[in-house]
Protein chains: 2
Amino acid sequence: MKTKLDSAGDYSKQIAQTIREAIISGDLPVDGRLPSEGDLAARFNVSRPTVREALKRLAAQNLIRTQRGATGGAFVNRLSFEDAQEHMVTTATLLLSMNTVDFETALEARFALERACLPLACQRRTPSHLAAMRAEIARQGTDGLSDEDFCASDVAFHRALVEAAGNPVLSWHIAGAVEAMQPLMNMITYTARSRAQIIALHADLTEALAAGALPQAQATLDALAAYTLELGGEIRARRAAKIAR
Amino acid sequence: MKTKLDSAGDYSKQIAQTIREAIISGDLPVDGRLPSEGDLAARFNVSRPTVREALKRLAAQNLIRTQRGATGGAFVNRLSFEDAQEHMVTTATLLLSMNTVDFETALEARFALERACLPLACQRRTPSHLAAMRAEIARQGTDGLSDEDFCASDVAFHRALVEAAGNPVLSWHIAGAVEAMQPLMNMITYTARSRAQIIALHADLTEALAAGALPQAQATLDALAAYTLELGGEIRARRAAKIAR
DNA sequence: AATTCTTTATTGTCAGACATATGACCGGGA
DNA sequence: TCCCGGTCATATGTCTGACAATAAAGAATT
């Protein structure tokens, strides 16, 4: 069967869209194998390089994976949460870097989202979640930790907090937002005093969660947001200068 | 200058990643033109089709656009919020459809996120936001509206609610989540009684926002979440059957 | 000066070929 | 019989060279 294409150029784009729809509709099942490149070329009446460009478009979205060899080919990927998250992080990072989003707006969104999972986290946090958070707090207190490592640990802490809500879809959204903020957070220079302040707030938050004390957790998170905003003040100025340039 | 590539295959993937990093780092400015395919091929010491596959990968992520002709080439795209959102919606839709995420989990995440923007929306909603919400409520009350149209209007209502928070980053996240839920919501069959119930809740929510009454808005949203969950009960059963199949 | 034609640079597509990876198949030996 | 190795078929990955389509810039003409 030959599938027709719009004569208006960009065959590879049209082919990618056709296959994408087949995947989304479930017509091509997960782990199902697509026809070989040669078959697809014959089917769409185009050359193999054109088909390959279409397949690469899909591969860029993690929709398919390819395998070489006799039984190889292109297979429909089950989109894992990890892949989806990696994807969202790159998108969010680009969005923040290319759209003159100021630090305050990004931070406001991030903490608003994080606030959304506090009620669930208070109910569902398990000892292992709390342990993960406490482990990161301990790491944040070690001497000689670079700013970047401190920041990475901060992300890990918040990630654990988000996981405590026990909803993978929510985790996907919020962890993506938090990770995408990391490049911005990396611009902050943490003094010993500001680190101590943050660690204390982290500890308060963890204990509030452990006790299931939602109001206290919310208040602490708000305090953390306010303090981070204060620390980021200089970044805002720097970014503003960059934009005006 | 020749850029070296790892000899381990998938040149097109490596080239795409190299260029992607150059874009993210700001090395290649927005609207900047990439070297021509031939130049890139010479630079990376590969053939033009290989370069083209790399460029198609980037094009699939809306990172670049291409233009034919004498002054044509590949240009760095400014990733718009619309593009990014479309992206996130397809990713989220796939995630929901391919990962046996049950209706309850998805719904819980959606309403948790939406709850996150209520405090901001109470402070910042403008008359135009309220007007948009009221317009959708009116539409939802019209006779002869199909279930799909009702659902689309529901999405538009919630979208307006999210916009009222006045934070584009937050809007991007939450509106994406809400839209991704639409295929699931479309499975619900709305009776006249359930429509009336939903419309009443929408109206309450709008008035609470207009009055800046946060607790009331939160309570109404919770009620809406609970009612939607109730309506979706049959869907859950259907999806469970599909998974077990 | 305005319009039209030509040139030129670039992407889009094609055809055929070779390189490479890998599972399947088959034959021989313990 | 069972295991092992070689061979082969098939598929993706890549290269080469070419032509078509397009759009802007410059040259020629009115």
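Only a predicted model underlies this, so the values are computations on that prediction, with no experimental measurement involved. Naming: A, B, ... by sequence-line order, numbering from 1 per chain.
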If you look only at pairs with a residue in residues 167-176 of chain A, which of them pass as a salt bridge (charged side-chain N to carboxylate O under 4.0 Å, His left out), with sequence neighbours excluded? none
Donor-acceptor pair (no angle test) under 3.5 Å: A/Arg68 side chain, C/dT20 base: yes
side-chain hydrogen bond (donor to acceptor under 3.5 Å, both in side chains) contacts touching residues 55-65 of chain B (sequence neighbours left out): B/Ser12-B/Arg57, B/Arg20-B/Gln61, B/Asp31-B/Arg65, B/Arg65-B/Asn77
Between D/dT14 (C1') and B/Asp10 (CG): distance, integer Å: 11 Å
Atom CD of A/Glu53 and atom P of C/dC14 are separated, to the nearest Å, by 10 Å
Enumerate the protein-to-nucleotides 2-9 of chain C contacts in which both atoms are nitrogen or oxygen and the separation is below 3.5 Å.
none

How about A/Val101 and B/Val169: do any of their side-chain heavy atoms sit closer than 4.5 Å? yes
Length of the line joining B/Tyr11:OH and C/dA21:P, which is rounded to integer Å: 11 Å
Residues within residues 55-67 of chain A bordering DNA chain D, heavy-atom distance below 4.0 Å: A/Lys56, A/Thr66, A/Gln67
Suppose we call a contact any N or O donor and acceptor under 3.5 Å apart; does that hold for the side chain of A/Arg48 and the base of D/dG13? yes
Should B/Ser12 be listed as having a side-chain N or O under 4.0 Å from OP1 or OP2 of D/dG13? no
Using ring-ring contact (aromatic ring centres under 6.0 Å, His included) as the criterion, list what pairs up with A/Phe150, not counting sequence neighbours. A/Tyr190
Just how far, in rounded Å, is C1' of D/dT22 from CD of B/Glu37? 14 Å
Sequence-distant partners of A/Ser146, side-chain hydrogen bond (donor to acceptor under 3.5 Å, both in side chains), two or more places apart: A/Asp149
Nearest heavy-atom neighbours spanning A/Pro168 and A/Phe81: O-CE2, 3.7 Å
Distance-only donor-acceptor hits, side chain of residues 84-92 of chain B, under 3.5 Å, sequence neighbours excluded:
| residue | atom | partner | partner atom | Å |
| --- | --- | --- | --- | --- |
| B/His87 | NE2 | B/Ala60 | O | 3.4 |
| B/Thr90 | OG1 | B/His87 | O | 2.8 |
| B/Thr91 | OG1 | B/His87 | O | 3.0 |

Between B/Arg52 and C/dT11, does any side-chain N or O lie under 4.0 Å from OP1 or OP2? no
A/Phe75 CZ to C/dG23 P, straight-line distance once rounded to whole Å: 10 Å
For residues 154-163 of chain B, dump all side-chain donor-acceptor pairs below 3.5 Å to protein atoms at least two apart in sequence or in another chain.
| residue | atom | partner | partner atom | Å |
| --- | --- | --- | --- | --- |
| B/Asp154 | OD1 | B/His202 | NE2 | 3.1 |
| B/His158 | ND1 | B/Glu114 | OE2 | 2.2 |
| B/Arg159 | NH1 | B/Glu179 | OE2 | 3.0 |

Output all residues satisfying side-chain hydrogen bond (donor to acceptor under 3.5 Å, both in side chains) with B/Ser171, sequence neighbours left out; order by chain, then residue number. none
